[in-house]
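The block underneath contains the structure these notes are about, expressed in structure tokens.
Because the structure is predicted, anything quoted here is derived from the model rather than measured. Residue numbers start from 1 in every chain, and the chains themselves are labelled A, B, ... in the order their sequence lines are given, proteins ahead of strands.
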Amino acid sequence: MLVLAIWNYFRGYVIIKIEGLALEKFINMCIARGIYLWDIRRINYTTLEAKVGIQGFKILRKLTRRAGCKVYISKKNGYPFWFSKMKKRKMLLMGAFFSFILLMVISSFVFKVDIVGNEMVSDEEIITILEDSGLRPGSNRYFINIREIENNLLVQIHELAWVGIELKGINAKVEIVEKTPSPQRISKDIPCDVVARKEGVIERVIARNGDALVEKGDIVSEGDLLITGIIERPKMETPLYVHAYGEVYARTYYEHNKSMDLVKVHKEKTGEMFTRTIVKIGDMEIALSRGDHPYEVYILEKTSKKPIQWRNKGLPVEIITEEYYQAIEREEELDLEKTKGMLHEEMLEEILQQIPKDLEISNSKTSFLVKGNLLKGNVIIEVVEDIAQQKQLQVEKLQFEED
Amino acid sequence: MKKNQEIKKSLAEILELPKDIVLDIPKITMVGNLQLYIENHKGILEYSNTRIRINTKSGVLRVIGKNLLLKSIVVEEMVIVGEIHQVEFTD
């Protein structure tokens with residue numbers, strides 16, 4: 001029937017009101033003449049409403065006098081009428097057309113430039129280069145060569161490893177990946193010291209060059225001098241500056257705290273339920289059911305359905321059903337030993353993420369403390385690791401070069 | 001005339017021809033109580049929201065119901081929609 005409705009729309013039809021006494025006779029006459037009438041509705045004893053095509057209506061007017069009826073047009077419907085109306089309002093069409101063109105033109109300009117991913121390089125620096133290359137708010141997307149701008153950025157800023165520019169509508173997104181700076185390496189002919197990277201208790205010192213200043217058992221904190229590059233001997237007049245290096249193994253400690261409830265609150269459903277349906281279109285949420293749930297304690301179960309999905313794309317429409325179940329809270333005391341075990345495992349898992357993987361754990365200590373309903377856990381892990389770090393001798397370097 | 005009709009009727013039965021064509025009588029199809037489809041009608045006699053009377057070769061067909069609407073009407077056939085309560089032939 002939809003096809004018929006569309007066909008009628010394109011042919012054009014009028015809704016007519018027929019007034020008279022012998023209306024049935026009028027209908028029969030129409031049929032005999034081959035005029036197609038549809039949706040005939042009796043309004044009252046003397047009035048009839050019907051739909052008729054444009055051609056049919058022209059013939060029908062001649063019939064009215066013979067049937068003794070009067071015909072009025074109550075509504076004109078369909079494409080031909082719309083078209084003739086539009087013909088008289090050319091400016092409206094022009095306006096629609098021009099606003100469409102304007103929209104297309106304006107949307108081809110870049111309005112906003114977003115820079116994402118830079119940490120060391122400042123936004124301003126990138127923006128200046130982007131502007132020089134032609135990407136700035138107000139530039140047209142069809143006149144921008146993205147590849148060229150990307151290359152330009154990479155050439156002009158050395159700290160960048162990768163640049164990706166994406167034009168999304170009126171937004172330009174500049175994604176930046178910076179080079180990770182390689183650890184500072186001091187070349188072998190430059191004198192330097194070895195200092196502690198972190199605090200710890202010295203276990204073993206292997207000074208391959210330079211004089212060791214610490215020995216086993218010493219406690220050092222971060223930045224302390226471990227192996228010096230200034231070698232002074234009683235017989236020497238001027239100290240010798242060397243490139244000190246070596247390994248310094250120390251016991252270092254990693255600590256982690258965590259607590260856990262000994263009483264667990266269980267929620268149990270009572271059987272009472274309240275359902276809410278929400279239709280989500282884009283970011284807009286429309287609640288179909290009225291009111292809020294009447295429960296103080298409840299369990300919420302959400303299910304969402306997305307109609308018409310095809311390869312992760314589809315209508316941005318989501319139907320969310322929220323089911324609120326009324327619940328009662330029930331406290332349950334947990335077994336102390338079990339909880340300790342669980343807490344210990346959790347703490348170990350978290351602390352091991354902090355410790356570099358290649359290190360061997362030499363000792364670990366776990367302690368627990370019960371405070372009211374709370375179980376507090378503390379774990380200390382002891383590892384032996386190399387804490388040596390080279391540090392260039394700044395002042396002495398000048399003297400060395402003078403020599 | 002009556003005899004002619006009789007002959008036609010028996011002929012249709014022997015040859016298994018569709019009776020509505022041979023005898024020129026209406027063929028009425030109903031879809032539940034929602035739609036009534038009449039072929040071979042001979043014009044309408046009365047039309048209102050609650051009652052429609054249609055002339056046919058088999059007599060006057062009376063349709064009684066609620067919110068009746070003539071969905072479409074042409075020479076050979078007509079469609080009535082609405083809530084149909086009764087369909088009967090009256091002479």
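Note that CZ of Arg41(A) is 8.5 Å distant from CG of Asn67(B), once rounded to the nearest 0.5 Å. Tyr36(A) contributes atom OH, which lies 10.5 Å from atom CD1 of Ile73(B) (distance to the nearest 0.5 angstrom). Of the inter-residue distances, the one linking Ile54(B) atom CD1 with Asn28(A) atom CG reads 10.5 Å to the nearest 0.5 angstrom. Residue Glu76(B) holds its CD atom at 11.0 Å from CD1 of Ile31(A), rounded to the nearest 0.5 Å. Here the CZ atom belonging to Arg42(A) is positioned 11.0 Å from the CZ atom belonging to Arg51(B), to the nearest 0.5 angstrom. In this structure, the separation between CD on Glu24(A) and OG on Ser48(B) is 8.5 Å, given to the nearest 0.5 Å.
Pairs engaging residues 35-58 of chain B under the ring-ring contact (aromatic ring centres under 6.0 Å, His included) rule: none recorded [sequence neighbours left out].
With a threshold of 4.5 angstrom between heavy atoms, Ile27(A) approaches chain B through side-chain atoms but not through N, CA, C or O. Only the side chain of Leu48(A) comes within less than 4.5 Å of a heavy atom of chain B; its backbone N, CA, C and O stay farther away.
The number of heavy-atom neighbours closer than 6.0 Å to NZ of Lys42(B), taken from other residues, nucleotides and ligands shown, is above 12. Under a cut-off of 6.0 angstrom, the local environment of CD in Glu88(B) is crowded, with over 12 non-hydrogen atoms contributed by other residues, nucleotides or ligands. When the shell of 6.0 Å around CD1 of Ile73(A) is examined, it contains more than 12 heavy atoms from other residues, nucleotides or ligands.
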